[in-house]
Number of protein chains: 2
Amino acid sequence: MSLRHALLGLLSEGPASGYDLLKLFDNSLANVWPATQSQLYGELGRLADAGLITVQSEGARGRKEYAVTDAGRAELRHWMLEVKPTWIQRYDMLLRVFFFGQISTDDAIAYLREQQRTGAEAVDHLTEVGQMIADYDDDFTVYGRVALEWGLRFNRLHQEWAEWAIQEVKAHDRSSSADPCKPSDEHGA
Amino acid sequence: MSLRHALLGLLSEGPASGYDLLKLFDNSLANVWPATQSQLYGELGRLADAGLITVQSEGARGRKEYAVTDAGRAELRHWMLEVKPTWIQRYDMLLRVFFFGQISTDDAIAYLREQQRTGAEAVDHLTEVGQMIADYDDDFTVYGRVALEWGLRFNRLHQEWAEWAIQEVKAHDRSSSADPCKPSDEHGA
DNA sequence: AGTAGACCTTCCAATCCTGACATGTCAACG
DNA sequence: CGTTGACATGTCAGGATTGGAAGGTCTACT
C-alpha cells in the first residue's frame, strides 16, 4: 500500500491536483512505482477521508487541489523512517531463463543476445534523457538524477547478467551431450 | 499472465501435483515470480480447461497429478521465443529516496546505510546458499546458479546504488543552506 | 487408539492493478 | 461558431495478488 505514501510524498512539496500528480507519476516515478489514473483518484479520495490530505475545489466542478495535512506529514515521516522496505519484482525474462532446458541452446543464446540489444537501446535512451536534464533543467536534481541513475544501473545489470547467462548456457551445452540432467526419463504414465 | 507459463515450464520437466509445484515456486522461483497457493490451484484449473495440461486423480480425493500436453508445450515455446518480455518493479526504498527532501540529511544517510547493511547480509546469505549448492547438489546447475547469480548481482546493485545515493544526498545538503529548492514556501493557504 | 505432522486440495474475502469508457471545462484556431 | 487539444475528474468490469480458513489423506510415533 505504498501508493498512499507516494502521494503524500509528492504532495508534501506543495499542493497539487490529481492531474498534476498523475503527470508526476508518469514522468518521475514511472519506473519506481507505476500508477494509473484510476488508482490515483481513488487513493486521493481515501486519503482525504482519512484526514491525511485536504481537498479544495475551485468552483463547482473541475480541478481540485489537494494539500497534505500535519497528520499526513507525520504518516509520511513514520513510513519513511520506521517501516521496513519491501519490493516485488516480476520479470518475465528471468522466468524464461529458468526453462531454457526446454529449447535449443542456439535459441536460448539468440534470445539473450536480443535482450542485450534492447537493453543497450534503453541505456542509450536514458543517457540522452540524462543529457537533456543536465542541459536544460537545473531544478531537476533529486528526482531526475536518482531515478535516472537507478535506471541506468539496472539496465547495465541486465546486460552484464545476460552476458554471464550466455556463458553459463554454453558451458551447460558443452556437457549436455554426456550429461543426463533428468531430461524426461520417467513421465507419461 | 505469466503464472500460466511458469506452470507450463515447471510441468514440462515432468508431471507434478499442485503441492509439488507450490514448493518449486517457493524454493526456486521465489525471487523471480512469487505465487501463492490460491493463484496456483486456480491457474491449474484454467490450464486444464484450456487443454494445455491434463489432470489425473489418484483416487476419489487427494493428490492430482498434472502433465503438460503437446498444446501446452507449443504454447510454452511460443511464449518463450516470441512474446516480448515484460517487467514490473515496485520498490519502496527508491520511493523513499525520492522524498528525502522531507527529512534531515542525517536521517536519510542513516537510512541508506541501514539498507546497505541488510543488503550485505542478503549477499552473505546468498553466498552461503551458493556454497551449499556447489557442495551438495550437482544437479542443481541451471536453476540454482542462474537465479542465484541474478540475486547476487541485484543485491550488489542495491548496495552500490545506495553508496551513490549517499554521495548525492551529501552533495545536495552542502548546497541546501543557500539553495531554496522550494522547501515549502507557498503552501498551507 | 490417539495425535502430531507432512501432504494435498478447495474456497473465499479483500485489496490491488489494468484498461477502458464517460463526462466536462477551457483556450486557441479557422 | 465549430472543432481540436490540453486539462481534469469519475467510474466500472475484470483480472491479479494476498492471506487466510477449512477440510481431507496418510504415515509415524506414543
Side-chain angles (χ1 to χ4, degrees), chain A residues 1-7 10-11 15-27 29-50 53-67 79 84 86-92 95, chain B residues 1-8 10-11 15-27 29-50 53-67 79 83-84 86-92 95:
Chain A
M1 230 230 268
S2 292
L3 173 59
R4 149 161 303 198
H5 299 105
L7 286 171
L10 290 174
L11 281 175
S17 71
Y19 192 78
D20 296 335
L21 292 166
L22 184 60
K23 278 191 299 183
L24 285 170
F25 265 93
D26 287 345
N27 296 333
L29 296 182
N31 291 313
V32 172
W33 202 279
T36 59
Q37 195 205 34
S38 327
Q39 272 182 284
L40 206 149
Y41 282 108
E43 191 63 40
L44 281 173
R46 262 167 270 145
L47 278 164
D49 289 345
I53 60 175
T54 56
V55 199
Q56 199 169 1
S57 303
E58 299 176 350
R61 68 183 63 220
R63 182 185 173 95
K64 292 180 180 176
E65 208 162 56
Y66 298 91
W79 173 77
K84 189 179 169 186
T86 63
W87 60 284
I88 54 154
Q89 209 187 210
R90 264 176 237 264
Y91 196 17
D92 254 351
L95 202 51
Chain B
M1 230 228 266
S2 291
L3 173 59
R4 150 161 303 198
H5 299 105
L7 286 170
L8 285 174
L10 290 175
L11 282 174
S17 70
Y19 192 79
D20 295 336
L21 292 166
L22 185 60
K23 279 190 299 182
L24 285 171
F25 265 92
D26 287 346
N27 296 335
L29 296 183
N31 291 312
V32 173
W33 202 280
T36 59
Q37 200 198 33
S38 324
Q39 271 182 284
L40 206 148
Y41 282 107
E43 192 62 41
L44 282 173
R46 263 166 271 144
L47 278 163
D49 288 346
I53 59 174
T54 56
V55 198
Q56 198 169 4
S57 304
E58 299 176 351
R61 66 185 65 220
R63 180 186 176 95
K64 292 179 180 177
E65 209 162 56
Y66 298 92
W79 172 78
V83 176
K84 189 180 168 186
T86 62
W87 59 285
I88 52 154
Q89 208 187 212
R90 267 177 235 261
Y91 194 19
D92 253 354
L95 203 50

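Quick caveat, the model's predicted, so the values are computed rather than measured. Order of the sequence lines fixes the chain letters, A, B, ..., with proteins taken first and strands second; residue numbering starts at 1 for each chain.
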Novice: Classify the side chain of B:S38 and the base of D:dG20 as holding, or not holding, a donor-acceptor pair under 3.5 Å.
Specialist: yes
Novice: So, OP1 or OP2 of C:dC17: does either fall under 4.0 Å of a side-chain N or O from A:Q39?
Specialist: yes
Novice: For the pair B:W87 and A:Y91, name the ring-plane relationship: parallel under 30°, tilted 30 to 60°, perpendicular over 60°.
Specialist: perpendicular
Novice: Nearest to the A:S17 side chain among D:dC12, D:dT18, D:dT9, which nucleotide is it?
Specialist: D:dT9
Novice: Would you say that B:Y66 contacts B:D20 through its side chain, given a criterion of any heavy-atom pair below 4.5 Å between the two side chains?
Specialist: no
Novice: Provide, to the nearest angstrom, the distance between the CG atom belonging to B:L40 and the P atom belonging to D:dA16.
Specialist: 14 Å
Novice: Measure CE/A:M1 against P/C:dC16 and give the value in whole Å, please.
Specialist: 5 Å
Novice: Using whole Å, what does the distance between atom P of nucleotide C:dC8 and atom CG of B:L44 come to?
Specialist: 14 Å
Novice: Given D:dG10, C:dT18, D:dA8, identify the nucleotide with an atom nearest to the side chain of A:Y66.
Specialist: D:dG10
Novice: Would you kindly give the CG-to-P distance between A:L3 and C:dT18, to the nearest whole Å?
Specialist: 10 Å
Novice: Specify the separation, in whole Å, of atom CG of A:L21 and atom C1' of D:dC7.
Specialist: 14 Å
Novice: Just how far, in rounded Å, is C1' of C:dC16 from CZ of A:R4?
Specialist: 13 Å
Novice: Mapping B:R90 and B:Y19 onto DNA chain C by nearest heavy atom, which one lands closer to the 5' end?
Specialist: B:Y19
Novice: Distance check needed: C:dA6 C1' versus B:L22 CG, whole Å only.
Specialist: 14 Å
Novice: In the structure I gave you, are the side-chain heavy atoms of A:L47 and A:R4 within less than 4.5 Å of one another anywhere?
Specialist: yes
Novice: Are side-chain heavy atoms of B:L95 and A:H5 found at a separation under 4.5 Å?
Specialist: no
Novice: Can you confirm whether A:T36 sits close enough to A:F25 that some side-chain heavy atom of one is under 4.5 Å from a side-chain heavy atom of the other?
Specialist: no
Novice: Measuring from the side chain of B:W33 (C-beta onward, heavy atoms only), which nucleotide among C:dT9, D:dA16, D:dT17 has the closest atom?
Specialist: D:dT17
Novice: Rounded to the nearest Å, what distance is computed from the CZ atom of residue A:R63 to the P atom of nucleotide C:dC26?
Specialist: 13 Å
Novice: Is the shortest side-chain N/O distance from A:K64 to OP1 or OP2 of D:dG10 below 4.0 Å?
Specialist: yes
Novice: On DNA chain C, nearest-nucleotide positions of B:I88 versus B:Y41: which is more 5'?
Specialist: B:Y41
Novice: In terms of the nearest nucleotide of DNA chain D, which residue is placed more toward the 5' end: B:Q37 or B:E43?
Specialist: B:E43
